[in-house]
Amino acid sequence: MLSVFAIERGERVRERAEIIRDTQAIATAIERRIYSHSSYLRAGAALFSAQDSVDPATFRRFVTELRLDTDYRGAEGLGYAPVIDASEVVAYEQRLNMGRNTTRSVWPSLAQQPRDKLVPVLFLRPDTQRNRRALGFDMYSDPVRREAMDEAERDGRPTATGEIVLKQEGTGDAAGFNIYMPIFNNSAVGRELKGFIYSPFNAAQFLASTSESSLGDDMAVQLSDLATGDLMARRGEWREEGTSISRQIDLANHPVRLTVQSAVDTTLSPLSLITLLSGLAVASLLTIVARLLTKQAAEDHRSLQWFAEQNSIRNSLTRELNHRVKNTLANVLSIVSMTRRRATSLDEFAEGIDARIRALSATHDLLTQSDWGTTPVRAVVEAELSPYARDEDQQIVLDGPEVELAPNDALSLGLAVHELATNATKYGSLSVPGGRVEVQWDLVTPALAQIDWRESGGPDVTPPNKRGFGTDLIEKIVAHELRQPVELEFDPAGVRCSLRIPVRETGDFELRKKKL
């Protein structure tokens with residue numbers, strides 16, 4: 001009987017370990033999905049903030065590039081809803097019906113529900129029959145949606161609603177939720193709310209897509225609103241009795257509870273039956289089995305500790321990813337803002353934005369290849385100069401030791417080299433045959449590298465009459481990010497630039513790889 005007790009106890013410990021593992025895996029998948037989708041909403045908000053008006057074609061291209069229909073099941077798409085008042089309803093409806101065969105109006109109508117502030121759906125992509133049902137719906141007329149939008153406006157970050165029924169469901173009652181990201185216009189009087197970019201989710205499909213690879217056949221999972229206790233979605237057969245594990249999850253600034261349940265097994269395991277029937281005849285064997293079970297229990301305990309460590313590592317990596325996405329979006333917004341102030345035409349603005357975003361993307365590709373570890377200086381410089389190294393009449397010389405840079409420092413160096421190469425191509429040594437560019441780097445100290453850019457063989461250089469975008473980017477943004485001074489000299493023989501870049505320790509990256 002003692003052996004049977006030990007066996008069954010080991011089975012319960014193993015079962016609980018499996019539930020904890022599945023619960024953590026599903027919670028991590030949900031948080032990772034929400035973090036990624038929040039990044040798309042932030043990118044969409046940046047698109048609308050940077051432009052006075054976004055036409056349907058531009059919004060369609062933006063959503064198509066996100067590939068939401070292939071990467072994230074459960075998400076209905078991406079939509080935009082402007083903030084208007086009652087006097088702007090007619091203009092909104094004209095914009096909504098532009099290019100459509102059918103006529104749509106704001107609903108519920110002002111006659112049915114008088115109100116001063118409206119947030120009606122203007123765009124919702126992909127353009128499916130299901131999504132068209134939501135066009136024109138004033139989301140601010142619904143109290144649950146209104147509460148989430150007000151919270152998002154106060155915090156300035158993606159915020160999810162509680163349980164709602166999406167207007168895409170028509171007469172159906174399937175539970176869902178929206179995530180809203182506010183869009184602001186910066187004016188002389190301060191921030192002005194322009195509208196919201198949002199994503200609607202079918203709760204059941206969202207839960208199924210995040211749990212299908214982690215949930216066992218005899219387990220069930222459910223998602224409920226922590227504030228109201230309302231059940232949002234459930235998968236599997238839920239029972240009154242059973243071993244359950246719950247976790248609280250931050251679903252885009254809205255707390256929800258994830259619960260995973262295992263089926264109740266009242267029968268003895270096969271090993272317990274064999275042990276019970278064998279009796280005293282196999283007493284010597286039972287001693288060995290007991291030792292094995294003790295060892296198994298110890299291994300299960302170590303497994304639980306390992307799962308806890310992995311959870312901590314995943315949370316750290318998720319926060320790291322979110323931080324890097326925010327930094328990248330901040331860089332993009334800075335580039336958009338500075339380019340817009342200096343552009344004299346739409347073509348000049350588009351050309352400048354395209355080139356600088358491609359430069360940022362080239363360095364991102366290098367960082368992705370190294371799993372966002374350290375990146376050599378040579379690789380960054382070669383990636384940015386490769387488009388200009390095709391003319392045999394010109395010469396590009398790279399010289400320096402093997403120096404590895406941290407991810408953010410590599411991005412800053414890539415932007416600086418791109419601006420110098422662009423200037424050299426337009427006005428400097430790479431604009432004429434026989435021109436030469438030398439890039440040399442060396443370690444000034446073990447923790448500091450100096451990179452020197454020298455041009456020769458080009459047209460005579462005269463200092464510019466006014467500061468351009470490249471000068472501002474190198475002397476302000478790059479210098480600020482690197483926390484080191486930048487020396488930029490317009491020598492008559494050729495432009496010269498000296499940058500100093502910190503060489504950081506790689507211990508943090510090595511520690512993370514060992515833990516994983």
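Just the heavy atoms: all of them, side chains too, but no hydrogens, waters or symmetry mates, feed the values below.
Atoms CH2 and CD, from Trp453 and Glu455 in turn, are 6.0 Å apart once rounded to the nearest 0.5 Å. To the nearest 0.5 Å, atom CD of residue Glu151 and atom OG1 of residue Thr159 are 5.5 Å apart. Rounding to the nearest 0.5 Å places CZ of Phe137 at 12.5 Å from CG of Leu124. If you take CG on Asn185 and CG on Leu193, they are separated by 9.0 Å, rounding to the nearest 0.5 Å. Rounded to the nearest 0.5 angstrom, Arg145 CZ and Phe196 CZ are separated by 13.5 Å. Within the model, atoms CD1 of Ile245 and CD1 of Ile19 stand 6.0 Å from one another, a figure rounded to the nearest 0.5 Å.
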Evaluate side-chain hydrogen bond (donor to acceptor under 3.5 Å, both in side chains) for Ser303 paired with Glu299, printing each intermediate quantity in order.
CA-CA 6 Å; Ser303 296; Glu299 290 178 353; over 6 Å; no
Run the numbers on Ile34 and Arg32 for side chain to side chain contact (heavy atoms under 4.5 Å, CB included), then give the verdict.
CA-CA 5 Å; Ile34 292 301; Arg32 185 169 58 247; over 6 Å; no
Check the pair Glu76 / Asn202 against side chain to side chain contact (heavy atoms under 4.5 Å, CB included), numbers first and verdict last.
CA-CA 7 Å; Glu76 301 282 341; Asn202 179 289; 3.7 Å; yes
Any chance you could lay out the side chain to side chain contact (heavy atoms under 4.5 Å, CB included) test for Arg125 and Phe59, step after step, and finish with the verdict?
CA-CA 8 Å; Arg125 290 288 174 177; Phe59 187 74; 3.8 Å; yes
Candidate pair Asn253 and Arg157, rule side-chain hydrogen bond (donor to acceptor under 3.5 Å, both in side chains), full reasoning:
CA-CA 8 Å; Asn253 203 23; Arg157 59 175 177 169; 2.6 Å; yes
Yes or no on ring pair (Phe, Tyr, Trp, His ring centres under 6.0 Å) for Tyr80 and Tyr198, after CA distance, side-chain angles and deciding distance?
CA-CA 6 Å; Tyr80 166 67; Tyr198 79 106; 9.3 Å; no
Chi angles and distances behind the side-chain hydrogen bond (donor to acceptor under 3.5 Å, both in side chains) call for Gln129, Arg132
CA-CA 5 Å; Gln129 183 64 37; Arg132 292 191 195 110; 3.0 Å; yes
Side chain to side chain contact (heavy atoms under 4.5 Å, CB included) for Ile451 and Ser498? Distances and angles first, verdict last.
CA-CA 6 Å; Ile451 300 177; Ser498 294; over 6 Å; no
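Of the possible polar contacts, none joining the Thr210 side chain to the Ile30 backbone as a donor-acceptor pair under 3.5 Å is found. Listed for the Arg496 side chain is no donor-acceptor partner under 3.5 Å among the backbone atoms of Asp452. With Asp491 contributing its side chain and Ala493 its backbone, the two residues share a donor-acceptor pair below 3.5 Å. At least one donor-acceptor pair closer than 3.5 Å links the side chain of Ser199 to the backbone N or O of Gly77. At least one donor-acceptor pair closer than 3.5 Å links the side chain of Asp250 to the backbone N or O of His254. Under the 3.5 Å distance criterion, the side-chain polar atoms of Ser429 are matched with a main-chain donor or acceptor of Arg436. The closest donor-acceptor contact from the side chain of Arg95 to the backbone of Ala91 lies at 3.5 Å or more, if one exists at all. For Asp55 (side chain) and Thr58 (main-chain N/O), a donor-acceptor pair under 3.5 Å exists by modelled atom type.
In this structure, Arg257 and Thr259 have side chains that are in contact, with non-hydrogen atoms separated by less than 4.5 Å. With a 4.5 Å cut-off on side-chain heavy atoms, Pro255 and Ile249 do not count as touching. With a 4.5 Å cut-off on side-chain heavy atoms, Arg247 and Gln24 count as touching. Residues Tyr40 and Ile197 have side chains not in contact (no heavy-atom distance under 4.5 Å, counting atoms from C-beta outward). For the pair Pro376/Val403, no side-chain contact is recorded, criterion being any heavy-atom separation below 4.5 Å from C-beta on. The shortest side-chain heavy-atom distance between Val444 and Arg500 falls under the 4.5 Å cut-off. Between Glu489 and Val495, the closest side-chain pair of non-hydrogen atoms is not below 4.5 Å. Looking at Asp127 and Asn131, their side chains never come closer than 4.5 Å, going by heavy atoms from C-beta outward.
A pairwise comparison of heavy atoms in Ser49 and Ile183 identifies OG-CG2, 3.5 Å as the closest pair. The shortest non-hydrogen separation linking Met139 to Ala81 is CE-CB, 3.5 Å. In terms of heavy atoms, Tyr180 sits closest to Ala152 at O-CB, 4.0 Å. Heavy-atom minimum distance, Leu122 versus Pro82: CB-CD, 3.8 Å. Here the closest heavy-atom approach between residue Lys194 and residue Gln51 is recorded as NZ-O, 2.8 Å. In terms of heavy-atom proximity, Pro56 sits nearest to Phe123 at CG-CE2, 3.8 Å.
With sequence neighbours excluded, no residue satisfies side-chain hydrogen bond (donor to acceptor under 3.5 Å, both in side chains) with Glu18. Here Arg60 pairs with nothing under the side-chain hydrogen bond (donor to acceptor under 3.5 Å, both in side chains) rule; sequence neighbours left out.
For Tyr427, the OH atom sits in a loose shell: 12 or fewer heavy atoms of surrounding residues, nucleotides or ligands are nearer than 6.0 Å. Heavy-atom neighbours of Gln248 CD from other residues, nucleotides or ligands within 6.0 Å: above the threshold of 12.
For the 3.5 Å distance criterion, the side chains of Arg130 and Gln168 fail to qualify, holding no donor opposite an acceptor.
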